[in-house]
Q: 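One structure follows; several queries about it will come next.
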Amino acid sequence: MSETQTKHDFEPKIVAYVCNWCTYLGADLAGTNRLEYPPNIRILRLPCTGRIDFNLIVKAYEMGADAVLVSGCHPGDCHYTSGNYHARRRWMLFRVLLEGIGFDMRRVHFTWISAAEAKKFQEVVIDITEQTRALGPYGDFRKLLEAPVC
Amino acid sequence: MQIGYYPGCALHGSSNDYERSVRVCLGRLGMELRELDDWVCCGATAAHSLNAKLATALPARNLAIAERDGIDQMLAPCPMCSMELIKAGQALAASDALRREMSEIVEQKVSGATGVLNLIQVFQQIGLERIQKAVVQPLSQTKAACYYGCLLVRPPEQLRFDDCENPTSMETIIKALGAEAIDWNYKTECCGAGMTMCNEDTVLDLAHKILTDVAAHGANCVVVACPMCHVNLDMKQADVERRYGVTHRMPIYYLSDLVGMAMGASGAEMGVDRHYVVA
Amino acid sequence: MRPSSEAVDMLAHTHVTDCYQCGKCSAGCPVGERMDVLPNQLVRLVQSGNFRRAMDCEAIWLCVSCQTCSARCPKSVNCAGVLDALRQLAVENNVINAAARRTIVFQQVFLNNIRRNGRLNELELVGVFKSKAFLKDASVPLLFKDSLLAPKMITRGKFHLMGEKVKDRALVGRIFERCFAEGPRGHK
Amino acid sequence: MRIGVFTCWCGENIARHVDCQKVAEAIRNLLGVHCSVDYKYMCSDPGQSMIREQIRNGKLTGLVVAACSPHMHLKTFRKAAEAEGLNPYMVEMANVREHCAWVHHDREAATAKAIDIIRMAVAKVQQNRPLAAIRVPVTKRAMVIGGGVAGIQAALDIADAGFEVVLVERDPSIGGKMAGLSETFPTLDCSQCILTPRMVDVGQHPRIKLHTYSEVEAVNGYVGNFKVTVRKKARYVDITKCNGCGDCWNKCPQKKNLSEFDFGMGKRTAIYVPFPQAVPARPVIDREACTMLLKGKCGICAKKCTRGAINFEDQDQLITEDVGAIVAATGYKLCDIGKDEGRYKGYGEYGFGRYADVIDGLQFERIVSASGPTGGEIKRPSDGKTPKSVVFICCVGSRDDAKGCGYCSKICCMYVAKHTMLYKHKVHDGQAHVFYMDIRAGGKNYEEFVRRAIEQDGAEYHRGRVSRITEHNGQLIVRGVDTLVGEAMTIEADLVVLATAMRPADGVESLAQKLNIGYDEYGFLSESHPKLRPVETNTAGVLVCGACQAPKDIPESVAQASAAAAKVMMLFARDELTREPEVAEVNEQTCAACFSCVRGCPYKAIDEADITDRQGRLIKRTARVNPGLCMGCGTCVAICPSKSVDLAGFTEQQVYAMVESLV
Ligand SMILES: Cc1cc2nc3c(=O)[nH]c(=O)nc-3n(C[C@H](O)[C@H](O)[C@H](O)COP(=O)(O)OP(=O)(O)OC[C@H]3O[C@@H](n4cnc5c(N)ncnc54)[C@H](O)[C@@H]3O)c2cc1C
Ligand SMILES: Cc1cc2nc3c(=O)[nH]c(=O)nc-3n(C[C@H](O)[C@H](O)[C@H](O)COP(=O)(O)OP(=O)(O)OC[C@H]3O[C@@H](n4cnc5c(N)ncnc54)[C@H](O)[C@@H]3O)c2cc1C
Ligand code: SF4
Ligand code: SF4
Ligand code: SF4
Ligand code: SF4
Ligand code: SF4
Ligand code: SF4
Ligand code: SF4
Ligand code: SF4
């Protein structure tokens with residue numbers, strides 16, 4: 001991404017890790033219902049949010065993502081009984097960790113979107129894209145990587 | 001043993017027979033009462049009907065005095081007082097903001113940590129065994145109906161005292177005195193205490209129901225631990241009889257009366273001669 | 001305070017919407033038979049916003065605050081607290097059932113008595129109450145009602161003729177002042 | 001790798017907003033891509049033929065179909081590949097329809113995104129490995145836990161379909177609650193008349209093995225291959241020798257024990273059969289009541305028994321059963337409102353347990369039942385008097401958040417109506433009163449049934465709850481309210497029957513943990529989906545039916561039981577189960593044996609294992625995934641601190657390759 005890009009014409013890159021059984025299907029339904037949203041998002045299908053560890057999230061920023069979305073089933077609705085419960089617990093730790101190293105928390109989003117919530121999927125994507133567009137490119141992430149980690 | 005003592009207006013007023021009974025009885029059991037210095041009225045029904053803040057502030061003043069004087073447990077023989085003190089204490093303990101506000105209003109630091117006990121709980125602390133040992137005149141002729149009224153057990157979440165639908169703690173004490181405790185229906189039914197002055201109809205009706213059920217279940221006296229219950233059942237009994245054209249002649253004792261008499265005190269010593277209905 | 005279900009919720013520390021109208025409160029109320037509007041109906045009136053009827057009834061003044069209704073409510077609605085709140089709102093909005101005046105006068109006299117003495121002076125209470133109630137209701141018999149009892153009470157030592165007073169009455173006065181500072185109910 | 005990429009136009013659906021030719025062009029130059037073509041309808045016959053031809057001719061080793069959602073057609077294209085000898089797990093889809101063409105209208109941006117999506121899929125396929133579907137054999141034998149009407153129905157259905165069934169019942173006889181009911185709504189047919197023949201069928205069925213007086217101790221294994229340990233409690237009677245003559249129990253001097261079957265309304269001896277129609281009709285000795293077992297004195301029954309069936313030395317036995325599927329049908333109990341039980345609070349105000357004439361619904365069933373302790377004559381427990389006024393109270397313990405139970409028990413409205421009718425049919429000059437909050441009678445002929453109770457049999461219904469029951473001279477005083485007239489009311493009753501809440505049977509939580517299935521906050525077993533998978537659980541091969549899943553009446557319990565049986569038969573219709581091979585595997589060399597994964601796995605699919613040398617000496621410990629149990633959620637992968645677990649199909653390499661392709 002060129003340094004001269006202004007915030008105005010900046011097109012953020014957003015990576016979404018989603019659960020195969022809910023949010024992925026929610027996105028499918030958004031398609032079936034022709035609910036338009038900005039094309040900045042790239043969806044990676046995983047069996048369950050339980051599969052997502054934070055290295056994956058960090059990896060996305062490393063590859064130039066300006067924001068990351070993690071989305072799975074509503075609490076209690078997990079296809080795998082309690083996979084998303086484990087995910088939630090880990091994210092809580094992850095959050096503390098990220099905040100600790102000075103990570104910009106406005107660039108990571110966790111939501112629950114069920115297979116029926118096409119509208120919600122659309123709204124979330126629009127919302128995140130706009131927010132990230134306003135924030136500008138996440139150039140600072142490189143600096144974070146280079147900073148000494150205890 | 002020493003314990004803090006909050007008599008409340010009733011025990012220093014028309015129910016001074018109750019105060020005397022409590023003092024004599026607990027004295028005999030070696031329990032010394034340390035009266036709260038310069039205590040104020042708890043506000044009773046009037047405060048919480050008319051001004052919510054006052055309903056906390058008045059009890060808070062008393063709790064503040066107790067805390068200042070290092071009293072960590074006190075007896076409030078009137079259940080109305082004890083409920084108001086407990087409610088205020090719990091509200092204070094739960095809220096930092098309220099503690100600050102109330103400390104300002106009553107001009108004294110108050111945290112709500114003081115334990116408030118009713119008369120039955122004090123007997124429980126003394127211990128059944130100790131009471132039993134002190135009994136010299138078992139009350140073998142007594143068939144008592146224990147009457148708790150409403151405020152000894154309700155609201156249950158706050159008072160956390162006995163089973164609020166079928167309390168038995170008074171019966172346990174009565175039995176230890178060699179008396180019989182009969183089972184009856186209206187142990188926790190209200191006698192209309194707060195309405196004595198302004199709605200006599202209600203009070204007489206409730207008292208009548210209670211006295212009738214007591215008699216129907218074969219009791220020869222009623223035991224209470226509340227000054228208001230005593231007023232309504234004892235002082236007003238003649239009115240009940242006149243109104244409903246019946247004769248109850250049912251003596252009403254304070255729990256401490258029976259404990260005292262079982263320990264050998266005379267009726268006069270316990271103040272029983274000052275009751276309206278005499279056995 | 002304007003009557004609203006939020007106001008009642010706030011004053012009673014409860015949620016009136018939780019009530020599903022089972023009537024258990026009314027079934028157990030010791031004075032239910034005398035009430036013109038039953039406790040469950042009062043909760044319903046609050047739910048549906050019909051405050052005039054709820055405040056104007058006699059029932060809220062017949063309630064003896066025994067807490068039976070709240071203790072047994074399957075939805076943990078503080079029904080006794082709702083009646084308490086309705087009483088406060090009724091006084092504040094001056095919608096008071098005629099039959100209830102006496103009760104309010106009594107409570108006001110009671111508080112004044114404490115404000116002055118710090119403790120209750122029963123003789124003064126009875127005296128003032130009876131003259132006030134007399135003025136308001138003109139119910140002459142009431143004036144003499146307990147006078148039948150009074151002599152007996154005195155002979156039995158049940159009345160302190162002088163009554164007790166606390167030492168620091170000035171402080172009691174200040175406590176009252178502070179509690180009434182934000183209005184007669186103690187809050188805005 | 002030789003990857004073929006096939007971009008579909010989906011008619012106009014994709015092509016309208018994505019320039020498919022441009023996409024195919026852009027992809028052609030990617031590393032590993034052998035060919036890249038676009039076509040109008042990939043899923044059509046000609047489309048699939050073209051793909052197969054390319055696989056054959058181009059010797060493709062990987063396939064990406066850029067088209068619709070994988071939930072739509074991944075299976076289709078994997079099948080096509082398999083037909084050409086290409087491992088189906090070398091096929092991936094790129095979702096350029098639902099996630100791209102249908103939601104973006106800017107053609108240029110949509111085309112760019114489509115290219116990105118396909119690049120991710122190509123990157124993934126490059127890391128794919130051929131996988132073989134996991135095949136597991138099926139033990140065609142089922143276990144049913146709980147022998148109430150639901151368990152009986154499930155067992156008979158499965159056995160009649162030709163499979164063996166092991167039925168485990170905790171009590172000495174099967175039959176459950178229904179065996180003790182009088183007549184049943186909405187038809188009022190005699191409960192025992194319709195149930196006992198079914199019980200006999202179970203007892204005599206050549207393919208049903210019955211373990212009564214037994215409980216499940218442990219469950220191991222996975223769908224198709226469970227190993228269940230059953231504890232057979234000491235019965236002190238050898239039922240293979242016993243012929244049920246009754247000489248023993250007729251002579252037993254310990255006659256004053258409360259009968260469980262009569263819910264305490266009748267008495268039984270220390271050696272007893274729970275009821276005459278019991279299956280098996282063999283006695284059991286109550287070890288808490290028999291003086292021989294307690295104090296070593298008596299032994300009369302053993303002397304009377306001509307067949308030498310009594311054995312005071314009997315011990316509990318553990319038996320292992322191999323089964324392929326398990327049906328839980330453990331039913332319900334009525335809550336005890338006499339005392340506080342954990343989260344549930346008692347009803348001191350109703351005096352249950354204090355007043356003899358305040359009873360619950362099941363006790364009333366025994367009083368009206370022809371086989372009951374009163375021979376079907378309605379007599380009240382305290383003094384045997386015929387009650388002339390009976391008050392029935394609905395929703396006791398149900399719909400009462402304050403007492404800890406917010407749900408509706410669903411059947412009581414119906415059985416209360418039934419009780420008022422049965423009462424009126426037996427006591428013509430009696431009056432039944434009902435206090436209710438709402439009448440819930442949503443079944444075939446149910447509303448009509450309730451109306452009949454009111455219109456024909458004169459039951460008086462009062463809308464309102466009861467606040468207090470007291471007793472006066474042998475009369476119960478019921479204080480309630482009729483909110484419809486707005487009046488508190490008092491009824492003097494000779495008998496009060498409480499419709500108490502239905503709760504799951506005792507011990508169901510521990511059974512659920514053994515079976516690794518869920519249960520709700522009240523302890524009812526959880527179905528997999530309330531509408532679409534109502535008898536399945538989240539553990540493959542474990543089914544639920546009857547009142548253990550939620551309050552239910554007999555018709556519903558039986559319908560569910562047959563549904564559960566059908567699911568079992570579906571499983572047994574195959575010799576082998578194939579399971580998606582997308583399961584986890586532990587790298588045992590690097591595993592640090594921290595066992596975080598063991599604790600984290602929602603399916604208990606990971607075990608702790610020892611690696612030993614040939615002499616049996618421990619080399620190291622490791623985690624090991626049981627591929628039969630693993631459902632492929634990937635939780636363990638994310639948890640493992642040493643990165644020693646990986647999930648086939650979604651390996652670290654695959655996922656990272658996808659992210660990296662996004663640069
Ligand atoms: C008062 C009353 C009247 C009713 N009247 C009617 C009616 O008229 N019509 C109608 O349709 N329905 C009626 N019902 C409902 C009916 O009783 C139930 O629908 C039915 O009994 C449910 O059957 P079930 O097999 O699921 O449970 P249950 O009958 O409870 O059977 C469960 C069985 O599992 C056993 N068990 C429990 N735990 C274990 C364990 N861990 N291991 C092994 N075994 C175990 C139990 O011992 C029992 O034998 C009535 C219910 C009540 C309370
Ligand atoms: C307003 C409303 C809201 C509802 N909401 C819910 C809800 O939130 N949750 C819920 O669980 N349930 C709900 N339901 C109930 C739900 O709709 C039904 O339970 C369910 O649809 C029944 O499914 P079915 O297959 O039995 O019948 P149907 O859905 O009616 O399907 C029957 C099919 O058979 C076809 N058919 C009919 N006759 C013939 C014939 N002679 N030959 C060939 N085909 C024929 C029909 O065309 C139809 O396709 C609701 C119902 C209503 C009315
Ligand atoms: S008992 Fe509670 S839920 Fe029932 S009517 Fe009264 S307030 Fe409402
Ligand atoms: S608190 Fe009032 S309304 Fe409630 S039961 Fe008692 S008297 Fe009735
Ligand atoms: S006497 Fe023996 S054979 Fe007869 S029922 Fe008893 S145990 Fe069985
Ligand atoms: S040994 Fe036990 S079971 Fe047998 S007859 Fe004696 S008491 Fe009854
Ligand atoms: S079925 Fe009827 S009686 Fe039973 S809980 Fe539900 S509403 Fe109450
Ligand atoms: S007909 Fe429908 S709306 Fe009416 S009671 Fe039945 S379920 Fe409810
Ligand atoms: S989490 Fe990783 S290191 Fe720990 S036991 Fe499991 S596989 Fe081994
Ligand atoms: S993938 Fe999920 S089910 Fe499989 S072993 Fe790992 S955590 Fe358990």
Side-chain angles (χ1 to χ4, degrees), chain B residues 8-10 12-17 37-41 43-58 61 104-107 149-151 153-157 164-165 188-195 197-203 205-206 209 235-236 239 273-276, chain C residues 11 30-31 34 61-62 64-68 70-72 78 80 84 87-88 91 102-111 113-114 117-122 125-126 129 133 145-146 149 152-153 156-160 163-164 166-168 171-172 174-176 178-180 182 184-187:
Chain B
C9 304
H12 274 206
S14 52
S15 300
N16 50 29
D17 50 347
D37 177 46
D38 210 30
W39 54 268
V40 300
C41 168
T45 322
H48 75 87
S49 288
L50 296 179
N51 184 302
K53 194 172 276 178
L54 192 65
T56 312
L58 291 173
R61 158 79 177 140
E104 257 169 52
I105 291 181
V106 306
E107 299 174 20
C150 41
L151 297 178
V153 286
R154 281 193 292 264
E157 314 78 55
C164 82
E165 294 297 351
T188 61
E189 210 70 1
C190 180
C191 67
M195 291 284 153
M197 279 292 169
C198 37
N199 196 326
E200 184 150 59
D201 275 9
T202 306
V203 176
D205 180 34
L206 295 174
K209 279 189 189 149
M235 199 159 91
K236 299 256 166 185
D239 286 352
D273 56 339
R274 288 203 250 152
H275 297 179
Y276 280 65
Chain C
L11 291 170
V31 288
R34 296 161 171 267
W61 301 102
L62 290 172
V64 291
S65 296
C66 68
Q67 317 277 336
T68 310
S70 305
R72 290 187 190 148
N78 181 6
D84 245 345
R87 284 194 287 270
Q88 296 186 32
V91 174
R102 212 189 294 158
T103 309
I104 297 167
V105 171
F106 174 75
Q107 295 185 334
Q108 280 165 345
V109 169
F110 186 104
L111 283 192
N113 193 310
I114 295 165
N117 303 318
R119 290 182 196 165
L120 192 66
N121 182 327
E122 287 166 328
L125 177 76
V126 177
F129 170 60
K145 194 80 167 294
D146 275 348
L149 279 174
K152 212 168 165 193
M153 283 177 86
R156 304 224 166 184
K158 281 207 159 211
F159 267 150
H160 290 289
E164 287 186 353
V166 308
K167 284 174 274 171
D168 200 349
L171 171 63
V172 177
R174 290 197 296 278
I175 292 177
F176 268 76
R178 288 175 191 132
C179 288
F180 283 88
E182 285 176 14
R185 308 278 80 80
H187 48 74

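Chain naming here is simple, since letters A, B, ... match the order of the sequence lines and numbering starts at 1 in each. Quick caveat, the model's predicted, so the values are computed rather than measured. All values below were derived from every heavy atom in this structure, side-chain atoms included, with hydrogens, water molecules and symmetry-related copies excluded.
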Q: Near B:Glu104 CD, under 6.0 Å, is it more than 12 heavy atoms from other residues, nucleotides or ligands?
A: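 Open.
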
Q: Roughly how far, to the nearest 0.5 Å, is the CD atom of C:Gln88 from the CG atom of B:Asn51?
A: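 One finds 8.0 Å between CG of B:Asn51 and CD of C:Gln88.
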
Q: Just how far is it from atom CG of B:Asp38 to atom CG of C:Leu171, taken to the nearest 0.5 Å?
A: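 One gets 8.5 Å once the value is rounded to the nearest 0.5 Å.
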
Q: Can you name the closest pair of heavy atoms from B:Arg154 and C:Thr68 and give their distance?
A: NH2-OG1, 3.1 Å

Q: To the nearest 0.5 Å, tell me how far C:Asn113 CG sits from B:Cys41 SG.
A: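 With rounding to 0.5 Å, CG (C:Asn113) is 8.5 Å from SG (B:Cys41).
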
Q: Verify, without hydrogens or angle tests, whether C:Arg178 (side chain) and B:Val106 (backbone) share a donor-acceptor contact under 3.5 angstrom.
A: no

Q: Non-hydrogen atoms of chain B under 4.5 Å away: do they reach the side chain of C:Arg34, the backbone, both or neither?
A: side chain

Q: Compare every heavy atom of B:Ala57 with every heavy atom of C:Ile175, then report the nearest pair and how far apart it is.
A: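 The pair with the smallest heavy-atom distance is CG2-CB, 3.9 Å.
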
Q: With a 4.5 Å cut-off on heavy-atom pairs, point out which of B:Gly43, B:Gly8, B:Cys164 contacts chain C the most.
A: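 Of the candidates given, the most pairs with chain C belong to B:Gly43.
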
Q: How about B:Arg61 and C:Val172: do any of their side-chain heavy atoms sit closer than 4.5 Å?
A: no

Q: Shortest non-hydrogen contact from B:Cys190 to C:Val64?
A: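 Smallest interatomic distance, heavy atoms only, reads SG-CG2, 3.4 Å.
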
Q: Identify which part of B:Leu206 has an atom lying under 4.5 Å from any heavy atom of chain C, answering side chain, backbone, both or neither.
A: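 Contact with chain C involves the side chain of B:Leu206 alone.
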
Q: For B:Asp201, is it the side chain, the backbone, both or neither that has a heavy atom under 4.5 Å from a heavy atom of chain C?
A: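 Answer is both: backbone and side chain atoms of B:Asp201 are under 4.5 Å from chain C.
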
Q: Write down the atom of C:Cys66, the atom of B:Cys150, and the distance for their closest heavy-atom approach.
A: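 Reported closest heavy-atom pair: O-CB, 3.4 Å.
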
Q: Would you mind telling me which of B:Glu165, B:Glu107, B:Glu189, B:Lys209 has the largest number of heavy-atom pairs within less than 4.5 Å of chain C?
A: B:Glu107

Q: Return the option, out of C:Asp168, C:Val166, C:Asn117, C:Asn78, with the maximum number of heavy-atom pairs under 4.5 Å with chain B.
A: C:Val166

